[in-house]
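To keep things clear, I will list the structure first and then write my remarks on it.
Residue numbers start from 1 in every chain, and the chains themselves are labelled A, B, ... in the order their sequence lines are given, proteins ahead of strands. Keep in mind the model is a prediction, meaning the values are calculated, not measured.
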Amino acid sequence: MSNNHINYLMPVFFIGFLGCSQSSDDMLEAAVNQRAIVSASGDRTSFVLTDAPDTADISALSDPSFLEKTNFWWIRIDMPSDSDTLVDSPSGFQGDLSQNIDVVFTHNYKGVCDPSADVPSICWLREHYTAGETGLKGVTSIKTVNGNLELYYSVDWQGITDRFESEPSWFHHIVEGGGVAKIEEGTQ
Amino acid sequence: MKKLGILLALLAGTLTWRSSANSTTFLNWADEFASGQVYCQFVSLGGIAGNCTFQHNWTDQVPANTTGTNNTWSYVGAQGSSTQGRANAVEKIMFSISDRHSKNCGNVSVYMTRSRTTGAIPGEGASCTSGSQQFVGTAAYTYNTCAQGDQHFYESHGLLPAFNFSAEAGTPGTIGYHSRHMVYESVSNIFDWQDGCFKIQWL
């Protein structure tokens with residue numbers, strides 16, 4: 001049974017990121033509805049990509065306890081701060097989530113609340129995956145270029161879960177995406 | 001006398017198998033029998049409403065292929081109930097996501113779920129009814145188009161994680177399944193699903 005996920009969430013994993021590290025010359029133009037926040041706490045650094053409204057300030061978006069209660073899309077990658085130098089390097093940080101690399105991927109998204117329900121409905125869901133956990137594979141790529149955060153992820157998790165109302169059931173979820181957004185002032 | 005009894009027992013078993021409901025119908029192997037398609041388009045530049053459309057086809061069905069929401073019960077094939085046989089029987093959905101929004105990007109999630117009947121298996125041609133079911137599992141894919149930045153007219157074509165029967169117990173005999181395909185698209189806030197039903201003869 002799945003038991004290493006927070007709340008009703010299940011683990012997901014990053015699978016191959018979609019393409020890439022790009023030079024500053026051919027960097028994608030940021031989508032207007034994305035924001036990037038980088039924050040450090042102790043020996044950990046977190047990278048958040050979100051479509052949070054402007055009313056949500058930086059300090060709130062840097063707070064995991066705040067994020068867990070939100071109704072907007074976000075992804076958060078938490079990793080050791082000593083990997084920061086890789087994030088700032090030309091090739092960026094690339095993590096293999098099937099390995100025990102001390103990276104945690106969390107995402108908040110709108111989807112089917114309970115696929116086993118007779119009449120399905122939509123709600124906000126949060127999934128939490130720790131690199132190296134059973135059933136997880138994938139890749140994440142993080143890079144900072146000219147004040148922008150470039151973040152891509154491909155996460156793949158499969159296994160038995162008890163998150164739904166039905167009896168424990170098989171679940172296989174692939175999550176892919178990412179984006180480019182300007183890192184908001186005041187974050188680091 | 002004892003040998004004769006054994007012989008009669010074997011003969012009776014053979015006759016029983018041959019007189020099963022499926023003996024008159026040749027069933028193909030139930031390899032990759034469901035080929036659903038989901039096409040989603042985000043709200044476009046020209047004010048065209050976003051939408052998601054479905055089409056799921058059950059291949060190798062006996063007596064005939066069916067498409068749409070009003071499927072009827074029919075065999076999609078036979079398959080060994082061994083570990084190898086269960087892994088060979090695969091449902092799959094192709095999906096296409098078209099992001100033509102001028103600014104916004106968002107998520108599309110496609111799901112494929114399966115339940116198995118726990119009571120009597122409906123006969124050929126009967127309408128798909130809910131009946132007594134046990135939920136088996138879900139294969140899902142969530143894609144975020146923001147990875148493409150502010151580029152318009154982006155399309156992604158992919159395949160949902162293959163959903164086979166490896167996680168289910170292998171039991172000889174016919175089993176009925178309900179399958180549901182679902183899609184949620186966040187930019188246009190579209191949610192839709194489509195149901196189907198099929199049978200597999202596990203050997």
Side-chain angles (χ1 to χ4, degrees), chain A residues 10 12 15 17-20 22 27-34 49-51 72-73 75 107 109-112 114-123 125 127 150-161 163-181, chain B residues 91 95 97 99 101-116 118 130 133-152 154 156 158-168 178 180-187 189-193 195:
Chain A
M10 46 185 0
V12 181
I15 312 183
F17 56 96
L18 307 173
C20 2
Q22 297 159 327
M27 185 175 63
L28 292 172
E29 181 183 356
V32 294
N33 60 337
Q34 282 198 312
L49 199 61
T50 178
D51 62 3
F72 50 75
W73 174 83
I75 59 169
H107 74 141
Y109 70 107
K110 212 171 179 183
V112 175
D114 180 0
S116 71
D118 288 340
V119 180
S121 57
I122 297 299
C123 60
L125 302 166
E127 295 178 345
E150 297 182 18
L151 195 157
Y152 300 95
Y153 55 92
S154 181
V155 180
D156 185 325
W157 184 87
Q158 59 179 314
I160 302 296
T161 183
R163 73 186 274 191
F164 307 127
E165 292 185 5
S166 62
E167 294 294 311
S169 61
W170 183 259
F171 191 79
H172 188 173
H173 195 183
I174 293 177
V175 182
E176 292 184 319
V180 179
Chain B
E91 295 177 70
F95 58 86
I97 300 164
D99 181 356
H101 199 285
S102 58
K103 292 295 181 184
N104 289 331
C105 49
N107 286 298
V108 176
S109 291
V110 183
Y111 302 79
M112 176 168 51
T113 69
R114 182 165 73 237
S115 300
R116 57 185 292 175
T118 54
S130 54
Q133 299 175 36
Q134 178 184 21
F135 188 73
V136 174
T138 308
Y141 182 87
T142 298
Y143 182 70
N144 181 279
T145 65
C146 300
Q148 305 307 319
D150 197 17
Q151 295 182 342
H152 307 154
Y154 169 74
S156 170
L159 178 67
L160 208 66
F163 192 16
N164 65 31
F165 293 75
S166 294
E168 301 173 48
H178 279 93
R180 173 171 289 171
H181 302 167
M182 295 181 281
V183 63
Y184 177 73
E185 186 263 273
S186 70
V187 174
N189 197 32
I190 292 170
F191 177 49
D192 199 3
W193 73 85
D195 289 340

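- Atom OH of A:Tyr109 sits about 5.0 Å away from atom OG1 of B:Thr142, to the nearest 0.5 Å.
- Here A:Ser169 pairs with nothing under the side-chain hydrogen bond (donor to acceptor under 3.5 Å, both in side chains) rule; sequence neighbours left out.
- Taking CD of B:Glu168 as the reference point, atom CH2 of A:Trp170 lies at 11.0 Å (rounded to 0.5 Å).
- Checked by atom type and distance alone, the side chain of B:Tyr111 pairs as donor or acceptor with a backbone atom of A:Val112 at under 3.5 Å.
- The line from CD1 of A:Ile122 to OG of B:Ser109 is 8.0 Å long, rounded to the nearest 0.5 Å.
- Taking CD of A:Glu176 as the start and CG of B:Asn107 as the end, the distance is 12.0 Å to the nearest 0.5 Å.
- Under the side-chain hydrogen bond (donor to acceptor under 3.5 Å, both in side chains) criterion, B:Arg180 pairs with B:Asp195, not counting sequence neighbours.
- You'll find the side chain of B:Pro161 stays beyond 4.5 Å of the side chain of A:Gln158, heavy atoms only.
- Inter-residue side-chain proximity for B:Tyr184 and A:Lys110 is flagged as met; some heavy-atom pair is nearer than 4.5 Å.
- The contact between A:Ser116 and chain B is made by backbone and side chain atoms together, counting heavy-atom distances below 4.5 Å.
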